[in-house]
Amino acid sequence: SGNTFTVYYEVSLLNVSDTKAKVKVHDISGTDNYVRDKSNRRGIIGFLDEQWIDISELKLIADEATKRDIKLEQILNGD
């Protein structure tokens, strides 16, 4: 059996369908030694980079500036 570890990915959305999202990985973080080991970084990023994942797996964390930008874009696009 393999080891388990938790990774937090910082991503942007490249494409979205009704149930899935294609993501671009910008950064990773975690407290496990495996995640913090720089030699594992490329493999961990590659696991998710530019992949389609279930939207249910995403948790949106946005700061206030991001929320303002989204709202401004909606207003400008007439949404």
Side-chain angles (χ1 to χ4, degrees):
S1 67
N3 295 332
T4 61
F5 55 92
T6 301
V7 179
Y8 299 96
Y9 288 91
E10 180 183 329
V11 302
S12 58
L13 301 178
L14 298 176
N15 206 332
V16 179
S17 74
D18 289 341
T19 59
K20 294 190 178 285
K22 187 174 185 180
V23 297
K24 172 70 179 162
V25 176
H26 298 287
D27 199 10
I28 60 170
S29 62
T31 57
D32 306 272
N33 288 335
Y34 186 83
V35 177
R36 291 174 23 197
D37 184 339
K38 293 197 185 304
S39 67
N40 297 325
R41 184 175 174 81
R42 182 184 302 242
I44 293 171
I45 289 175
F47 175 77
L48 197 65
D49 195 37
E50 300 201 15
Q51 298 296 315
W52 286 93
I53 62 170
D54 288 336
I55 289 177
S56 63
E57 299 289 321
L58 291 174
K59 180 177 179 183
L60 180 62
I61 302 173
D63 60 19
E64 290 304 312
T66 303
K67 291 176 187 174
R68 282 192 301 271
D69 290 347
I70 291 169
K71 186 64 179 170
L72 181 58
E73 191 168 321
Q74 289 173 340
I75 291 169
L76 292 174
N77 290 330
D79 295 346

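Computed from a prediction, not measured in an experiment: that's the story for all the values here. Along the sequence shown, residues are numbered consecutively beginning with 1.
- Contacts of Asp49 classified as salt bridge (Lys or Arg N to Asp or Glu O under 4.0 Å), with partners at least two apart in sequence or in another chain: Lys24.
- Among residues two or more places apart in sequence or in another chain, the side chain to side chain donor-acceptor pair (under 3.5 Å) test is passed with Asp18 by none.
- Residue pairs that meet the salt bridge (charged side-chain N to carboxylate O under 4.0 Å, His left out) test with at least one member in residues 35-45, sequence neighbours left out, are Asp27-Arg41.
- Grouped by direct or indirect side-chain proximity (heavy atoms under 4.5 Å, Ile/Leu/Val/Met/Phe/Trp/Tyr only), Val25 sits with Phe5, Val7, Tyr9, Val11, Leu13, Val16, Val23, Ile28, Tyr34, Val35, Ile44, Ile45, Phe47, Leu48, Ile53, Ile55, Leu58.
- Sorted by first then second residue, the ring pair (Phe, Tyr, Trp, His ring centres under 6.0 Å) pairs that include residues 13-32, not counting sequence neighbours, number zero.
- Annotation: side-chain contact (heavy atoms from CB on, under 4.5 Å) contacts of Lys22 (sequence neighbours excluded): Leu14, Asn15, Glu50, Trp52.
- Partners of Tyr8 according to the ring pair (Phe, Tyr, Trp, His ring centres under 6.0 Å) rule, which considers only residues two or more places apart in sequence or in another chain, do not exist here.
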